[in-house]
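First comes the structure, then the notes that go with it.
By convention in this document, chain letters (A, B, ...) are assigned in the order of the sequence lines, proteins followed by strands, and residues within each chain are numbered from 1.
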Amino acid sequence: MTSTPISDAHGSGSASTPVIVDWPTATIPGGENAASDHLLDGLNPQQAEAVEYRGQALLIVAGAGSGKTRVLTHRIARLIENREAWPSQILAITFTNKAAAEMRERVEGLLGGRAEGMWISTFHSACVRILRREADNFGFSKNFTIYDSSDSRVLLKRIIKQHDADVLGFTPANASAKISKLKNELADAESYARNANMSDPNEVAFIEIFRDYERALRSANAFDFDDLIAQTVYLFRAFPQVAALYQNKFRHVLVDEYQDTNHAQYSLIRELTREPEGAGYLPGTNPGAALTVVGDSDQSIYAFRGADIRNIVEFERDFPGAKVILLEQNYRSTQNILSAANAVIANNFDRKDKKLWTDVGDGEKIIGYTGYSGHDEAQFVADEIEKLHSAGLAYNEIAVFYRTNAQTRALEEIFVRSALPYKIMGGTKFYERAEIKDAFAYLTAVVNPADELAVRRIINTPKRGIGPATVTQLASFAENAETTLRDALREASTLGFGPKMTRAISDLSAVLDEAAALAEKGKVSEVLTTLITKSGLIDALRLSRDPQDEARAENLDELVAVTKEYERNNPDGTLIDFLTEVALVAAADDIDDASGTVSLMTLHTAKGLEFNTVFLTGIEEDLLPHRMSANEPGGPAEERRLFYVGITRARKRLYLSLAMTRAQYGETAVAMPSRYLQEIPAELIEWKQSPGSANSRGGTQPRALNARRWQSNRGADAAALPPAEKKQWPNRVTGTVRDNGDLELAPGDRIRHTDFGEGRVNNVTGEGSKRVAHVQFETAGAKKLLIKIAPIEKI
DNA sequence: TAAGTACTGGTTTTT
DNA sequence: CCAGTACTTA
């Protein structure tokens with residue numbers, strides 16, 4: 001280590017030059033103290049090396065469950081403990097905010113809390129932090145808005161309409177996807193136009209749309225998700241002295257899930273770890289921050305978002321002299337689960353061979369089940385979970401994964417009926433509800449008056465008689481006067497509107513002004529409460545006769561509660577901070593480990609998590625691989641990796657399930673077993689009901705074409721198959737939901753269930769609408785049913 | 001301008 | 001099956 005002058009322009013309290021103590025030999029693995037070294041105890045040799053290696057570039061190839069988080073946290077702790085770096089000189093990038101929080105906690109645990117000032121966050125959060133600080137340098141102001149994908153689409157919709165580009169086949173969705181792709185490659189409208197074929201009217205129209213979109217974002221003082229990264233790179237490249245601030249601040253940059261970085265993120269990393277240049281820098285004094293990346297190309301599942309697997313595959317070429325360490329020992333799963341995972345992923349041809357292994361033994365067999373329908377499959381999952389739970393397994397140790405969010409419907413329906421506590425991670429989130437977005441648009445309009453999109457959203461919400469015609473007049477006034485739409489509202493009285501209209505506009509403007517004054521002195525919840533009451537938003541919902549509006553008003557109350565909670569956790573948090581946090585929360589971020597619920601999530605959301613027991617559902621063609629990706633180059637391979645990620649989340653027990661028919665858009669279609677299922681050696685799976693032996697209702701469906709592939713399984717199935725009465729499909733479940741009102745049941749009563757037949761009530765638990773009947777059915781076994789909605793009658 | 005009705009079409013994964 | 005949209009009517 002040289003005594004590099006290290007400036008920490010932004011650091012809090014660590015601006016002085018750190019004391020860099022040469023203190024290495026005592027803690028090197030194999031040294032005298034190794035046996036009692038708390039940062040190396042229990043690590044295998046490769047893990048220990050990954051903690052101790054020092055050099056400019058280190059790639060840790062970490063197979064699933066190989067303890068990479070442990071390695072990363074211990075490495076950071078060691079850097080700080082050794083005084084090789086101050087906490088403020090460390091930048092660690094994770095994939096989700098949840099992973100960031102967990103990493104911070106673990107590092108603090110290892111260091112006894114001396115971790116203040118570390119930057120541990122997602123790419124997006126880190127970039128927002130940089131951009132807010134430096135916004136004044138390049139034409140934005142620090143109160144900028146972050147547009148999520150639906151905001152982008154609303155904006156694009158207007159732009160496409162203005163250009164009459166819808167007739168050319170442009171939709172907000174496809175234009176947004178194309179722009180996003182380009183931004184991830186660091187292209188902008190200008191650079192794209194240079195290489196475009198201008199004789200193609202489609203191309204010309206797209207460039208117009210792209211340009212207008214960029215212009216609109218800039219004038220709204222807003223960034224979309226992709227901008228957060230791309231604009232930070234642009235900032236660093238355009239202003240080397242700004243880049244140098246961060247190049248000098250961070251001495252160690254660590255990136256998790258490196259296989260899922262895209263080109264823009266890669267470029268950002270390159271900029272951050274580069275040797276500074278420009279005035280004031282003494283050449284040769286800072287070789288650039290040391291870079292540590294951790295990843296596994298077998299878990300690359302975000303190509304659709306621009307992730308470029310080459311970033312990790314070509315790491316050694318990118319960073320000459322880079323050290324590579326392989327972690328293959330798995331500490332999570334049983335050998336049966338790993339063997340299945342290894343067998344599946346081995347079918348991806350262009351990969352470096354890598355085999356996970358464990359010394360914990362084979363464990364239980366994987367359990368397979370083929371349902372007659374998605375509902376039947378869901379019923380199986382619910383029944384198994386109930387069995388596991390009564391055998392002592394906590395609900396929060398169990399997870400159910402699926403490929404598409406649409407699959408939650410069947411699962412949810414059955415889970416509600418079976419009174420299973422569950423939580424859907426991601427999916428239609430609270431923050432995506434219209435009334436919540438309305439409230440956020442009010443907050444945004446207060447924080448960032450330049451944001452026209454937000455002002456347009458609230459201008460007639462709730463209804464105050466300001467229609468499209470009036471909005472257009474206001475907007476064109478703003479344009480002519482070279483001011484914002486927000487300021488146009490203030491001038492309403494001079495614009496010649498009728499008295500009613502003028503009044504409505506001025507009242508809104510006054511509410512926004514009042515809230516802005518309030519925002520100066522803090523309290524997010526007070527600003528929000530002022531806005532939603534004085535704008536009439538919440539009263540409009542409360543007084544509405546649409547029964548759903550009552551729930552919407554409650555959601556707004558819930559949002560106020562969220563802001564109060566935020567204030568408790570962040571006493572210094574401003575309104576801007578609150579909006580930023582909400583804009584960047586991911587689906588996986590609100591998993592609550594302590595709660596006693598089963599977790600339901602997509603395979604993508606599952607990445608990085610682990611559970612004792614995992615159910616992988618819908619393992620069918622057209623779902624996994626998904627229809628949309630089956631024909632794309634690289635599609636089936638990426639879908640296989642998704643399957644691999646799902647399998648490797650399980651510690652002890654893995655279930656694979658599928659259905660023979662699946663409902664989509666109200667119609668039911670025949671489903672075929674996924675091609676990936678055959679890639680798992682037959683002896684690893686015990687089929688409760690195999691795809692080969694189960695026939696769809698007629699028995700001679702197109703599935704017969706497929707049957708050959710399953711013949712090898714037949715012998716085993718015959719033995720495992722239950723006797724003949726099972727043919728009556730006692731698990732078949734109808735999709736109708738009913739309401740039994742106040743049906744009274746008591747132990748000893750006999751009931752008839754439309755699917756399960758007759759049974760006897762053993763017990764009734766719970767209160768009111770949550771009363772649950774514990775029933776012993778004659779053919780279908782023991783079930784728990786939510787009395788209010790189960791398709792049952794007393795007999 | 002707002003509310004109500006009839007109709008279309010789209011369907012993956014997410015920071 | 002749903003949400004979003006175009007069209008009608010008061």
Side-chain angles (χ1 to χ4, degrees), chain A residues 93-100 121-128 146-150 152-154 157 161 166 171-174 176-177 180 183-184 223-230 257 260-262 264-265 300-307 401-410 425-429 432 434 460-471 498 500-501 504 540 544-546 580-589 601-607 618 622-630 632 635 638-639 641-643 645-646 662-669 735:
Chain A
I93 304 281
T94 59
F95 200 68
T96 63
N97 293 297
K98 152 121 172 139
S121 68
T122 62
F123 272 107
H124 295 268
S125 304
C127 286
V128 169
I146 299 164
Y147 282 2
D148 67 18
S149 8
S150 81
S152 295
R153 282 205 291 274
V154 171
K157 190 170 156 189
K161 206 171 232 165
D166 43 346
T171 63
N174 66 28
S176 151
S180 171
K183 286 187 175 182
N184 285 331
F223 293 99
D224 66 20
F225 272 139
D226 305 307
D227 280 338
L228 295 177
I229 317 288
E257 307 284 10
D260 283 323
T261 52
N262 60 35
Q265 291 164 333
S300 164
I301 55 173
Y302 280 100
F304 72 92
R305 206 169 83 187
F401 302 157
Y402 37 81
R403 175 67 229 270
T404 67
N405 283 306
Q407 289 166 254
T408 51
R409 255 178 239 153
M425 318 312 309
T428 348
K429 280 172 283 178
E432 283 166 14
N460 198 32
T461 314
K463 301 267 186 285
R464 37 174 86 85
I466 308 174
T470 312
V471 174
K500 241 174 145 179
M501 193 71 81
S544 157
R545 44 190 183 77
D546 181 341
T580 303
E581 185 170 305
V582 170
L584 298 177
V585 293
D589 287 346
M601 69 191 85
T602 65
L603 284 164
H604 284 88
T605 306
K607 194 177 71 157
D622 289 351
L623 227 39
L624 192 77
H626 195 272
R627 190 187 292 113
M628 297 279 103
S629 59
E632 288 185 358
E638 174 145 326
E639 300 280 309
R641 290 194 290 269
L642 205 44
F643 189 37
V645 165
R662 192 160 292 274
Q664 45 183 5
Y665 332 121
E667 297 290 295
T668 49

| Using a cut-off of less than 4.0 Å, is there contact between a side-chain N or O of A:T470 and OP1 or OP2 of B:dT1? | yes
| query | Would you say A:T605 reaches B:dT14's phosphate, i.e. side-chain N/O to OP1/OP2 under 4.0 Å? | reply | yes
| request: For A:E638 and B:dT14, give me the distance from atom CD to atom C1', rounded to whole Å. | output: 12 Å
| message | Quick check on B:dT13: is either OP1 or OP2 less than 4.0 Å from any side-chain nitrogen or oxygen of A:N405? | response | yes
| said: Under 4.0 Å from OP1 or OP2 of B:dT14: is there any side-chain N or O of A:T602 that close? | reply: yes
| message | With no hydrogens and no angle check, just 3.5 Å: does a side-chain donor-acceptor pair link A:S152 and A:S149? | response | no
| task | Please measure how far the C1' atom in B:dT12 lies from the corresponding atom in C:dT5, and state the result in whole Å. | result | 24 Å
| task | Could you tell me whether a side-chain N or O of A:N97 sits under 3.5 Å from a main-chain N or O of A:S121, the two making a donor and an acceptor? | result | no
| request: Return yes if some donor-acceptor pair links the side-chain N/O of A:D224 with the main-chain N/O of A:I146 below 3.5 Å, else return no. | output: no
| query | When all nucleic acid strands are considered with a 4.0 Å heavy-atom cut-off, which category describes A:S121: base, sugar-phosphate, or nothing? | reply | nothing
| query | Within the stacking criterion (centroid distance below 5.5 Å, interplanar angle below 30°), does A:F95 stack on B:dT15? | reply | no
| said: Please classify the nucleic acid contact of A:K500 as base, sugar-phosphate, or nothing, using heavy-atom distances under 4.0 Å. | reply: nothing
| field | A:K157 side chain near C:dT5 phosphate (N/O to OP1/OP2, under 4.0 Å) | value | yes
| field | Lys/Arg N to Asp/Glu carboxylate O, A:D260 vs A:K607, below 4.0 Å | value | yes
| query | Toward the 5' end of DNA chain B, which comes first, A:R464 or A:E639, by nearest nucleotide? | reply | A:R464
| task | Would you kindly give the CG-to-P distance between A:D227 and B:dT15, to the nearest whole Å? | result | 18 Å
| message | For B:dA2 and A:N460 - does any side-chain N or O of the residue sit under 4.0 Å from the phosphate oxygens OP1/OP2? | response | yes
| task | Just call it for A:F123: base, sugar-phosphate, or nothing, with non-hydrogen atoms closer than 4.0 Å on any strand. | result | nothing
| task | Indicate, with a heavy-atom threshold strictly under 4.0 Å, whether A:D224 touches base, sugar-phosphate, or nothing. | result | nothing
